[in-house]
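All figures in this text were calculated on a predicted structure; none of them were measured in a lab. Lettering follows sequence order; numbering is per chain, from 1.
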Amino acid sequence: AQNVPNSDWEKKVTEYFREKLKENNATNWVPSLNDVPVHYLKPNSLVKFRCMVQDMFDPEFYMGVYETVDPNTNARVLHFGKYRDVAECGPQQEIDLNSSQTVTSERQTFYCVPVPGESAWVKEISFLTELVLSESVVVLNPQFYAYISASQARVSPSTSYTPSRHKRSYEEDEDMDLHPCKQKEQHLGNSSGGDIHGCVEPKRLETEASAGHHLISPNCSPPLDLNFPLPGEKGPACLVKVYESWESFKVNDVLEVYGILSVDPVLSIVNSEERDSSALDPMECMDTAEEQRVHSPPASLVPRIHVILAQKLQHINPLLPACLNEEESKTFVSNFMSELSPVRAELLGFLTHALLGDSLAAEYLILHLISTVYARRDVLPLGKFTVNLSGCPRNSIFTEHVYRIIQQLVPASYRLQMTIENMNHSRFIPHKDYAANRLVSGVLQLASNTSLVVDETQLEQGQLDTTGVHNVTALGNLITWQKVDYDFSYHQMEFPCNINVLITSEGRSLLPSDCQVHLQPQLIPPNMEEYMTSLLTAVLPSVLNKFRIYLSLLRLLDYSISDEVTKAVEEDFVEMRKSDPESVTADDLHRTLLVARFLSLSAGQTTLSRERWLRAKQLEAFRKARLEQQKCVNGNEL
Amino acid sequence: FSFVAIPLDFDISSPLTYGTPSSRVEGTPRSGVRGTPVRQRPDLGSVRKARQVDLHSDGLAEDITTEQSLGQKLVIWGTDVNVASCKERFQRFLQRFIDPLAKEDEDVGLDLNEPRYMQRLEEINMVGEPFLNVNCDHLRSFDENLYRQLICYPQEVIPTFDMAANEIFFDRYPDSILEHQIQVRPYNALKTRNMRSLNPEDIDQLITISGMVIRSSQLIPEMQEAFFKCQVCAFTTRVEIDRGRIAEPSVCKNCNTTHSMALIHNRSMFSDKQMIKLQESPEDMPAGQTPHTVALFAHNDLVDKVQPGDRVNVTGIYRAVPIRVNPRVSNVKSVYKTHIDVIHYRKTDSKRLHGVDEETEQKMFTEERVAILKELSKKVDIYERLSSALAPSIYEHEDIKKGILLQLFGGSRKDFTHTGRGNFRSEINILLCGDPGTSKSQLLQYVYNLVPRGQYTSGKGSSAVGLTAYVMKDPETRQLVLQTGALVLSDNGICCIDEFDKMNESTRSVLHEVMEQQTLSIAKAGIICQLNARTSILAAANPIESQWNPKKTTIENIQLPHTLLSRFDLIFLMLDPRDEAYDRRLARHLVSLYYQSEEKMEEEYMDMAVLRDYIAYARSYVNPRLGEEASQALIEAYVDMRKIGSGRGMVSAYPRQLESLIRLAEAHAKVRFSEKVETIDVEEAKRLHREALKQSATDPRTGIVDISILTTGMSTTARKRKEELAQALRKLIQSKGKTPALKYQQLFDDLRAQSDMAVTKEMFEEALRALADDDFLTVTGKTVRLL
């Protein structure tokens, strides 16, 4: 890239890639950092990464254009510095730092982690999609292909279900004309990968394959904390360098980025370099060691991606088209909507079984799963629907299995065990570590629409310490206001979130909730473990996939209430207040409106009808009656 | 940088020579410009050499030609700065500038009609601190072009300013002895206010940004000049630092021995240096993003001037330096490290613990913004407009919103320290009390989000310590540090306390001092101090039976000590009205909440940002005083309030209520941006006060407004009845004749038989106690003895 600086150049690159990636499934064809370990990917090639912005570093000034000079011949050459970490120059050349031609530009670095709590099925399905496509394109990236063929053998037997039916549907859509894309990739490889030595030995493939899991990152146990929000997470963390409109991205946004992978070993040298050599350099001795470790970790552990295209994702469900506003997606949506009611019925049946035969609780669980914060009126989040499933048997594996089932249905979830130990010792609220200059993540740093299952049945008597109280308060705030106050030690900062919280508890939960449903099991299976496992194996993978589409899709629908129904609702409310002013409050109206909203949406209707309103009221009445009943059984209990 | 100049000229006027160590005079400083040593300015000169190199390589020729045409006028290479004229113009500025906008309180001890900076120089002569701080805003209003040059070429212009200042100074005070020559420190450059807007164009320019110090490094001695000595012939030489590196002489110039030069540490020159991390202030941050940070380098006496946690305005030169991956590898990491060389610090909250710092409050408003706000304030219905903009999602409760609005504006601050009463509270405290589910928490949450220095705590989760301040051992330094709690943190803000009724007694008692004296006294672990806590309190409480019992008084319903209750200016009841029309409106409101699109909602109400600015502007710029008429109206209102009580033989209004009225009236005047409190303000204050009181102090038995419920915890009728019962009992006992002792139960039965109303045991005991207080009798166990 040795041209005269030209501002159009930059626009054209983005434009070119945007066009190319639009073509038939080209996006599926780009290797994803989520599925393929870094060392199987070719450095300086195009990769994609589905991730959540965990932290934002300070903007960086870099040499957009720089000039090298050969001290012997005095020959000067201009270079572009965009999409690179290192300003390269030949062996005989030096960079002229004082050149008048130098253009300083600005870019922003995000620290990105894979979507926290991403379900295994999301990973598998998106990976399988790539496998299917890679069968038709073998030539391009031999390392990638080698990895794929190795893992193909593993994936199929290890999964409990094969999404074969789904696979076919993608193949049908697929147009075989992938050539332009192929050329581009080759071109890219040739032009930029010239002087990079292959840093991957093919031998490693075998060892990796025998490791048995395709998500283990390179085997050097990292002393570096990769700062995943949830404990026990794996997967690559990545420094994502954004070149344009970075203001539009926010912390906790889920992004899909397409960009150039940079794993230049030179980047790691900065760390290993002996400090004394730079002791006199005022610029380098200033940063603390921690800060350097965090901000420029070894590239093999935390690769860099120089973003060409980045888009915010509405959802991470691979079974759904990424963007629902496009023409093709509309047909997908309308096709699915036509078979909605059998899917709903099946899902209800499935969940009823999962909740031990309680269909009312299953109904509420569906409503809960499709709820989402769709707007905020000043501080009030609208559309959150936290359900407290009370009456769960204490200390039994029931709640664990409920979580397993939810995990199978939603793209991202986490089970938070409310034990005294957990409350007092784990990190819920993200806080800023000023020594390392980064935001240390916490359990409550989750992407939108993550399902958080709080298991209160684990709670024992005991004392909460300061951390515990803070943690519980934060959890309460999250439920009530859908926001988390991140701790910046000198001040707090509020980050809005959109998290579906389901609380399972024995009695009424100590956390606030929008609606409490008391579980009434119709059957008690003698062996819970067996019962739940058989339930999961009994459901066909294709049906399971439909459930997944159903839950993700309905969340994204619009909704309205006609004037006529508004009137009716008004009347109803006034009537209700008249007959029972003590127990019917504005809160009840809030809740019933919410139930009605999700009930309509769950049936695929985007407006409220009179029938749905009545049905919502009926559901609420059932639920309340059950709570009353419970009160009577337990005597004094609230 | 250097000059295209004739060598003769060069010596005198070049800032280059002006900072070099060769001109440093060793030994005791003598008086006069020649004698006062020059101190290097490491804050200016870090890339000096680079520029010089450039000069010789190119650009020389064309500069000369342009110079010549200007007739011997010389400019610094790469800039349009002419040293001589620059100096002259700055001297003119120093000698002539009189700040037309200066306010008395801003500069203590300055004569506003005399040139400001000449007085500063005089100050330097007296105090001996050789730094001259120059407000760039002044410079800009005086000489726009000079200001532009300063901003664009600070590295060249500031030394010229130094020269100019020194010339004037030593001209005037030739006998003055200073530690070193005067250094000019410009501040308040308007170039950039926000860290986020820094971009590559700002490099090497003078900028001012605000932020919060989050970390400061140890002191770093930075070598300015290395001292080398030949091991063979003891020849010595000095080498100046060049871009952070010292070029060690490989050959001795004297004896030509190679590698014989050794560094002599204690004869080298060092300067102090410190790295500071500055983080963007929370107000500047867009929602959903993490704050940016920037590194600062402070030099010499600016080291250790700030501590982590301080809010500062920093003026300095923005720098970008490439990072060399490895000195032996030619590849360079293509990013620059950026930092700011600090020239001037201004702490924005240094006085926070001691007094009112108006500057922090004075948010910068652009002229257009002010115009918009002023336009708004002229609207007749501005009061209604603002109150309806407050928490639009909460339905109705108009008066409560108005009350909160007045709280946000606050009264005028009055200082009566000289007459011995100290500060009068200007903050308005509000208590919301009512049924659960009447969106109290939501209101609190809204207010907390609206005000810049709000704190939100819940009565359940807070302890007295969490509210006030506590002493903690810092894990790193092992020192005792004072950690401030919610009340101190919300100084000049609003502290929202939810679930006020759930707060335990000892915690609540802390509030007594805060709510009236606006201070917090702390005496623990060897730290005795009084912190300011000028915070308004917005509290929400549930009734004691969780549902409001209409048959009981407020006191009985809230169960809060009346000493605390009387400190609330307004007590609002948020009751469920149970009215059909209300229900209908509420239902419509709620339904619309659930389907109206967001854009539509935006249109209907005033923007939160506008509201915030409006309040901030009024709080800092409008200070209404009571007018004559308003005073009269207030007096009347107060007399009326007292009359209501006195008619029934009770004093019902206390001076505290009068103060509340004044505060409310002032706040209402602020809403109108009026400098004078007028009758309408008093009217509204009265109305609101009555409205709040009517609800909260309606005697359930008589239906008459009765403030004594709040002040004594008992209604007038209840008091009267208690009195009557006591009298009846006294009569009964007296009628029994001269029996020294009576049976308790017997007496109770007699009283019950005699009285025409039902007498409970409690009432009986109360009457007995009242008589005991009058020294009429004593109660010992089951017997009552007469005295």
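Using a 4.5 Å cut-off between heavy atoms, B:E280 does not touch chain A at all. Interface remark: A:M56 contributes backbone and side-chain atoms alike to the contact with chain B (heavy atom separation under 4.5 Å). Using a 4.5 Å cut-off between heavy atoms, B:T293 contacts chain A through both its backbone and its side chain. Neither the backbone nor the side chain of A:T607 comes within less than 4.5 Å of any heavy atom in chain B. In this structure, chain B has a heavy atom under 4.5 Å from the side chain of A:K432, while its backbone stays farther away. Residue contact with chain B, scored on non-hydrogen atoms closer than 4.5 Å, involves the side chain of A:D485 exclusively. Interface residue A:K483: only side-chain heavy atoms are found under 4.5 Å from chain B. Residue A:E570 touches chain B through both its backbone and its side chain, counting heavy-atom pairs closer than 4.5 Å. Contact annotation for A:S105: only backbone heavy atoms (N, CA, C, O) come within less than 4.5 Å of a heavy atom of chain B. Contacts of A:T473 with chain B are absent, with no heavy-atom separation under 4.5 Å from either backbone or side chain. With a threshold of 4.5 angstrom between heavy atoms, A:Q108 approaches chain B through side-chain atoms but not through N, CA, C or O. Only the side chain of A:F495 comes within contact range of chain B, with heavy atoms under 4.5 Å apart. Only the side chain of A:N437 comes within less than 4.5 Å of a heavy atom in chain B; its backbone stays farther off.
Using modelled atom types, one side-chain atom of B:Q289 and one backbone atom of A:F249 make a donor-acceptor pair closer than 3.5 Å.
Note that OG1 of B:T290 is 13.0 Å distant from CZ of A:R438, once rounded to the nearest 0.5 Å. The CD atom of B:Q445 sits 4.5 Å away from the CH2 atom of A:W481 when rounded to the nearest 0.5 Å.
Within 6.0 Å of the NE2 atom in A:H470, the count of heavy atoms belonging to other residues, nucleotides or ligands does not exceed 12.
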